[in-house]
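Here's the structure, in structure tokens; my notes come after.
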Amino acid sequence: MEKEYFEIKDSPIHGKGCFAVKSIAKGTRIVEYTGVKITKRESEKRCMENNEYIFTLDDKHDLDGDVGWNPAKYINHSCTPNCSAEDIDGHIWIVAERRIKLGEELTFNYGYELEDLYDHPCMCGSPNCIGYMVAEEYFDEVKKRLAKTAVSR
Ligand SMILES: [Zn+2]
């Protein structure tokens, strides 16, 4: 199914990425982010082992997307993403946020928490990149912090 909308190849952002093989209409469900459903306890353990593919499902469970049948795990984070990850009836779908052109790299915001900010520098290269991979709701806070750091130096 993934062959329908994108191909996986080397990315300028990080490692491998997913690139549109045709133009994709806004609102399209491009691919399901699949994996193994795991408990929070198991999830914590795997995160300590630097598994970067853990997805929060709900209060009790997470999804470990580090499996061979999940091409969506190659989609990179961006501060200005063209996709979003949406929970549709308990399934995580990567949905086009706008029209995506042939050849564009697919991206979504990983939605990381603020507490791990400095562990996840961002290399997305978008003009609005704030330098770290973090959920959009924290962008203002991060900008404030970075401005403070710049002043104190
Ligand atoms: Zn960025």
Side-chain angles (χ1 to χ4, degrees), residues 2-35 38 40 43-44 46-58 62-68 70-88 91-153:
E2 69 274 13
K3 290 281 178 278
E4 202 183 338
Y5 291 112
F6 62 89
E7 60 181 352
I8 295 161
K9 55 183 188 181
D10 291 342
S11 162
I13 298 178
H14 171 79
K16 294 204 181 302
C18 297
F19 295 80
V21 292
K22 57 174 155 183
S23 120
I24 303 172
K26 182 180 177 182
T28 302
R29 293 184 191 183
I30 297 171
V31 64
E32 184 178 350
Y33 193 100
T34 54
I38 53 174
K40 290 287 180 193
S43 177
E44 259 170 45
R46 294 186 189 189
C47 282
M48 296 294 279
E49 292 162 356
N50 292 319
N51 183 326
E52 298 169 348
Y53 304 104
I54 307 277
F55 217 105
T56 305
L57 278 183
D58 54 39
D62 286 345
L63 192 67
D64 182 355
D66 192 13
V67 293
N70 179 33
K73 74 177 184 179
Y74 293 111
I75 300 177
N76 280 309
H77 167 97
S78 171
C79 297
T80 316
N82 51 22
C83 298
S84 61
E86 292 180 20
D87 186 329
I88 300 170
H91 294 266
I92 308 294
W93 280 90
I94 304 302
V95 179
E97 279 282 285
R98 57 168 172 77
R99 197 178 79 82
I100 298 169
K101 283 181 275 186
L102 167 71
E104 260 190 83
E105 176 164 6
L106 307 181
T107 53
F108 68 96
N109 186 311
Y110 287 4
Y112 284 157
E113 295 296 324
L114 203 50
E115 57 186 17
D116 304 322
L117 184 67
Y118 301 110
D119 293 341
H120 306 290
C122 183
M123 317 274 256
C124 76
S126 84
N128 303 320
C129 181
I130 62 162
Y132 295 95
M133 293 159 67
V134 69
E136 208 170 335
E137 62 194 280
Y138 302 122
F139 277 17
D140 286 344
E141 172 65 24
V142 171
K143 280 178 196 158
K144 261 185 240 163
R145 279 197 198 183
L146 296 177
K148 253 186 219 161
T149 314
V151 169
S152 62
R153 265 180 196 156

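Counting convention: from 1, in listed order, for ligands and their atoms alike.
A ring-centre distance under 6.0 Å is not found for Phe55 and Tyr53.
Around the Zn ion (ligand 1), protein N, O or S atoms at less than 2.8 Å comprise Cys79 SG, Cys122 SG, Cys124 SG, Cys129 SG.
No more than 12 heavy atoms of other residues, nucleotides or ligands sit less than 6.0 Å from atom OH of Tyr74.
For Ser23, the side chain to side chain donor-acceptor pair (under 3.5 Å) partners are Arg99, not counting sequence neighbours. In this structure Glu104 satisfies the salt bridge (Lys or Arg N to Asp or Glu O under 4.0 Å) test together with Arg98, sequence neighbours excluded.
A donor-acceptor contact closer than 3.5 angstrom is absent between the side chains of Glu32 and Thr34.
Residue pairs that meet the ring-ring contact (aromatic ring centres under 6.0 Å, His included) test with at least one member in residues 123-150, sequence neighbours left out, are Tyr118-Tyr132.
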